[in-house]
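Here the structure is laid out as structure tokens; the discussion comes afterwards.
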Amino acid sequence: MMSDQNNPVGTHAKRSLKIENLVKEYVPGKPILNGISFEVKGTSSVAIIGASGTGKSTLIRCVNKLIPPTSGNVYVSGENITKLTGKELRRARRKIGMVFQEFNLVERLSVMENVLCGRLGYVAPWRAWMRKYQTEDIDLAFELLESIGLVDFAHQRADSLSGGQRQRVGIARAIMQEPHVLLADEPTSSLDPKTSVEIMELLLGLSESHSLPLLINIHDVELAKRYTGRVIGLANGGIVYDGSPAGLSNENLKEIYGGASWLE
Amino acid sequence: MAGIIEKTTVGHGNPFKVNWWVRFAWAAAFLYVIYAANYLDVSWVRFIGGLSNGADFLGEMVPVNFSRWKLLVGNLVETVEIAVIASAFGIVFSLPIGLLAARNMMPPWITWPARVFIALCRSFHPVIFAILFVKAVGFGPLAGILTLIFASIGFIGKLFAEAIEEISLKPVEALRASGAPFISIIMYAVVPQVQNRFIGFSSYQFDANLRNSTMVGIVGAGGIGGTLFAAFQRFDYDFLAAILISIIGLVMVSECISLQIKKVFQ
Amino acid sequence: MSEIIATHKWERFTFRERMARFAVFLGFAIALSLSISTVEVIPEFLYDAPTQAADLLVRMWPMDFAYYPQGIHEAMLETLHIASLGTLLAIVMAVPVGIMAANNIVHFSPLNWLAKLILVSSRSVNSLVWALLFVAIFGPGPLAGTVCIGFRSVGFVGKLFAEALEETNPGPVEALTAAGAPWFSVFLKGYWPQVAPAFWGIFLFRWDINVRESAVIGLVGAGGIGMVLDTALNLFYWDRVSVILLSIFAVVILAELLVTYIRKRII
């Protein structure tokens, strides 16, 4: 595929996401994230689980500085994101693909335009305005639409699609950036169980074929166990579990989500 | 009060609660009408007396006199010109000003000046602007054009800012996350969400400018208003009728055109 | 895979859509360039405008605040009364016309069209033109102003009222009609509760607009603060003009705040 040609195997080894001692305080003195550190490399996929309000979304948004962290460092393929601002930050963000819970598509634009949105970081604004994308970009977009089975919908408006289709478009947009890492914030929470499974398979497949480290926020523990190679449990602002899905015991889950009655 | 509650809850007398506030409001409105009518010296006698005047007035309007049609057409053309130029500049200026005034896209130190400017443009009736511009740049269409530019900024600028404030920020977040430059974010995530409303506001404002440009002439700012005012002062009521009919016709034509334009952009 | 790609071409609009858009832009561009080239504007006046405007501002300063109690206060009250009374007059006239224009209540299209014609004429004729008309009929003074505000507002109020009526849910109306209620009861219990909030909203909105309008109709003799402004302008009392403008600004802002407050509280 296109991105593999652009990125020879040698560079893939460097693709990584490293979070170092990350702290985020919305209210000074009350950190929602307190000293988070972990690393994701290669094609490995990591699920972050935790109760609502524990800062999963904040954590994932600190990676691309949509929410600026209070302290700590985030390295994407070795580059420290937290120090960057303005144009440099934009350039760095191109390397970070992101998939959202509610898809965050531009409803009134066509599927094709939404996929091409992934190139906006590379294309000059006036070219973007005239919709003068390079042929390679349009070819890549069609290739992606083909692979997610939506090529016939290219001209339809995004708001005419079903939830699962929209999320596929959202994923295609993220891949369009030719990212080094892929973030997914509750990508299946707005979808039915069957579509959720399909979306998870698509994400994992793309992570594999594009050699992308994948970081997924998810609250469905079963999906996390079934698809990801590693689970990180968040509670009270810190990591309380970091290991294989198989090793995740009821004791761990009790610590992550609190209470016990729901496990029975 | 206690009595009322008791009656409605226990006695099952009247199933509908008597809303004393509403009754009080109606009584107050009625009293106000009498008071204000007295204050303004508006009386039935004067009104009836005026009606006979009105009948004479209408009588003098027919037959409608289109004999000075050349003057009429010339004036109408100038009116349209004023409206077209003022709309073009007004719309072009109000795009960035509306964006600057949108509190979800800009920091407060930018939105405040923009909002104050829009409020100033809105607070004064166009006629007041017209008077001031006539004093500043002399009689003629230039004063009218400047007036309507300010009026347009006040109207579309405000509505446009509100439209932007109502958009969904989700696509904006997605494009920020993809590293898109600010201008591209505006074009892809903001404009598609507000485009139709903006075209609606603009075409409405064009109609409004056309109507108002018939008015600014009354204070000397160009267009058909000047001739209209002169016709009033010379009691030229048959020509006046011709002017009024042409104005209404013009406004109707332009409303039809803007309807078609809106269809193209839907 | 390249074979598949080669068959795809991506364009944002169809040919027809593009041509229609192009035609609109072209039409507007032609109209604009024709207008700019033929309108009688003397460029020197445009360049001179900032200096002249600055000169006006200088002559407006210092403001003659002593004039407020002498000449402005009474006229301002008159303006507010004209606006309020005119809006009430408009409502009295707009309710029957609005009902007549709503095609789900009156099922007789000539009447609908007649009502729509009345509404359009009211809106097409500017408030100053209405004012001139009624000054010619009733003579100068607040009576002309009140009637002018009333006639001018009928179109606006009536149109929005008719639209609100047309958007009502036919369910309750059907139920009442089926129960054999007379026409007036059907209106009062079927339609009115559904449109009442919109109706009061329209009333407040129009009152706000009418405060602005009634401040200027005095320029052609229809009473209120505009007459005072006209006198000050004709006599070149710029220090008074600035006080009058400031008072109008203050009243307009207060009216808007009041309307916003009431809308939040009640509707």
Side-chain angles (χ1 to χ4, degrees), chain B residues 29 32-33 36-37 39-43 46-47 49-51 53-54 57 77-78 80-85 88 119-120 122-128 131-133 135-138 140-142 145-146 211-212 214-215 218-219 222 225 228-229 232 235 237 244 247-248 251-252 255 261 264-265, chain C residues 17 20-21 23-24 28 31-32 34-36 38-42 45-46 48-49 52-53 55-56 77-78 81-82 84-85 88 120-121 123-129 132-139 141-147 212-213 215-216 219-220 223 229 233 245 248-249 252-253 256:
Chain B
Y32 171 76
V33 168
Y39 186 95
L40 296 179
D41 198 19
V42 172
S43 68
R46 278 194 66 192
F47 188 76
L51 287 186
N53 268 343
F57 185 82
V77 167
E78 189 173 74
V80 174
E81 285 171 349
I82 292 175
V84 167
I85 298 174
L120 270 179
R122 268 166 51 75
S123 298
F124 288 110
H125 196 276
V127 170
I128 292 179
I131 293 172
L132 295 179
F133 279 121
K135 301 286 177 190
V137 300
L142 178 59
I145 292 170
L146 291 172
R211 275 192 287 253
N212 284 342
T214 64
M215 165 191 69
I218 293 175
V219 293
L228 179 89
F229 194 41
F232 261 109
F235 307 106
Y237 293 143
L244 289 178
I247 291 177
I248 294 176
V251 170
M252 281 179 169
E255 276 181 10
I261 290 180
V264 168
F265 284 95
Chain C
E17 281 173 333
R21 275 161 189 256
V24 169
F28 204 76
L32 182 62
L34 272 181
S35 302
I36 289 180
T38 53
V39 78
E40 285 166 31
V41 168
I42 303 164
F45 283 8
L46 182 60
D48 202 27
Q52 294 292 334
D55 185 46
L56 274 189
L77 285 181
E78 195 173 287
H81 285 312
I82 292 174
S84 310
L85 212 53
L88 288 171
V120 169
S121 322
R123 277 179 298 134
S124 307
V125 177
N126 201 276
S127 49
L128 275 198
V129 179
L132 281 168
L133 221 67
F134 288 112
V135 168
I137 293 175
F138 296 113
L143 173 61
T146 308
V147 182
R212 283 158 222 244
E213 302 240 294
V216 296
L219 289 166
V220 294
L229 178 64
L233 282 167
L245 291 182
I248 295 178
F249 184 70
V252 164
I253 296 283
E256 194 169 334

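Lettering follows sequence order; numbering is per chain, from 1.
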key: Atom pair CZ (R212(C)) and CZ (R122(B)), whose distance is rounded to the nearest 0.5 Å   = 5.0 Å

Pairs of heavy atoms under 4.5 Å with chain B: top-ranked of I248(C), V147(C), L245(C) = L245(C)

ask   = Is the closest side-chain heavy-atom distance between V220(C) and F229(B) below 4.5 Å?
value = yes

task = Can you tell which part of E256(C) gets under 4.5 Å to a heavy atom of chain B, answering side chain, backbone, both or neither?
result = side chain

message = As an exercise: rank L120(B), V77(B), V137(B), V251(B) by heavy-atom pairs under 4.5 Å with chain C and give me the winner.
response = V137(B)

Under 4.5 Å from a heavy atom of chain C, the part of V33(B) involved = both

task = Identify which part of I85(B) has an atom lying under 4.5 Å from any heavy atom of chain C, answering side chain, backbone, both or neither.
result = both

key: Structural part of V39(C) lying under 4.5 Å from a heavy atom of chain B   = both

Among V252(C), V216(C), L132(C), residue most engaged with chain B (heavy-atom pairs, under 4.5 Å) = L132(C)

message = Between D55(C), L219(C), V120(C), L133(C), who has the most heavy-atom pairs with chain B when the cutoff is under 4.5 Å?
response = L133(C)

key: Results of side-chain hydrogen bond (donor to acceptor under 3.5 Å, both in side chains) for T38(C) - residues two or more places apart only   = E81(B)

inquiry  = For the interface with chain C, which of L142(B), V219(B), I247(B) has the highest count of heavy-atom pairs at distances below 4.5 Å?
reply    = L142(B)

note = Under 4.5 Å to a heavy atom of chain B? For I36(C) that would be both

key: Interface residue of largest heavy-atom contact number with chain C, from A37(B), S123(B), G54(B), under 4.5 Å   = S123(B)

key: Partner chain C: residue of V84(B), I82(B), N53(B) with the largest heavy-atom pair count (under 4.5 Å)   = V84(B)

Listed partners of Q52(C) passing side-chain hydrogen bond (donor to acceptor under 3.5 Å, both in side chains), at least two apart = D48(C)

inquiry  = As an exercise: rank A144(C), A215(C), A53(C), S35(C) by heavy-atom pairs under 4.5 Å with chain B and give me the winner.
reply    = S35(C)

message = Please classify the contact between I145(B) and chain C as side chain, backbone, both or neither, with a heavy-atom cut-off of under 4.5 Å.
response = side chain

query = Which atoms of Y237(B) come close to chain C, meaning under 4.5 Å heavy atom to heavy atom: side chain ones, backbone ones, both, or neither?
reply = side chain

ask   = From E213(C) CD over to I82(C) CD1, what is the distance, rounded to the nearest 0.5 angstrom?
value = 12.5 Å

message = Can you tell me which portion of L88(C) sits under 4.5 Å from chain B's heavy atoms? Options are side chain, backbone, both or neither.
response = side chain

inquiry  = Only pairs of heavy atoms separated by less than 4.5 Å count here; which of L40(B), N212(B), T214(B), V127(B) has the most with chain C?
reply    = L40(B)

query = Parallel, tilted or perpendicular: which describes the rings of Y39(B) and H81(C), with under 30° parallel and over 60° perpendicular?
reply = tilted

key: Toward chain B, the part of L32(C) with a non-hydrogen atom under 4.5 Å   = both

inquiry  = Tell me which of these, F57(B), F47(B), Y32(B), has more heavy-atom pairs under 4.5 Å with chain C than the rest.
reply    = Y32(B)

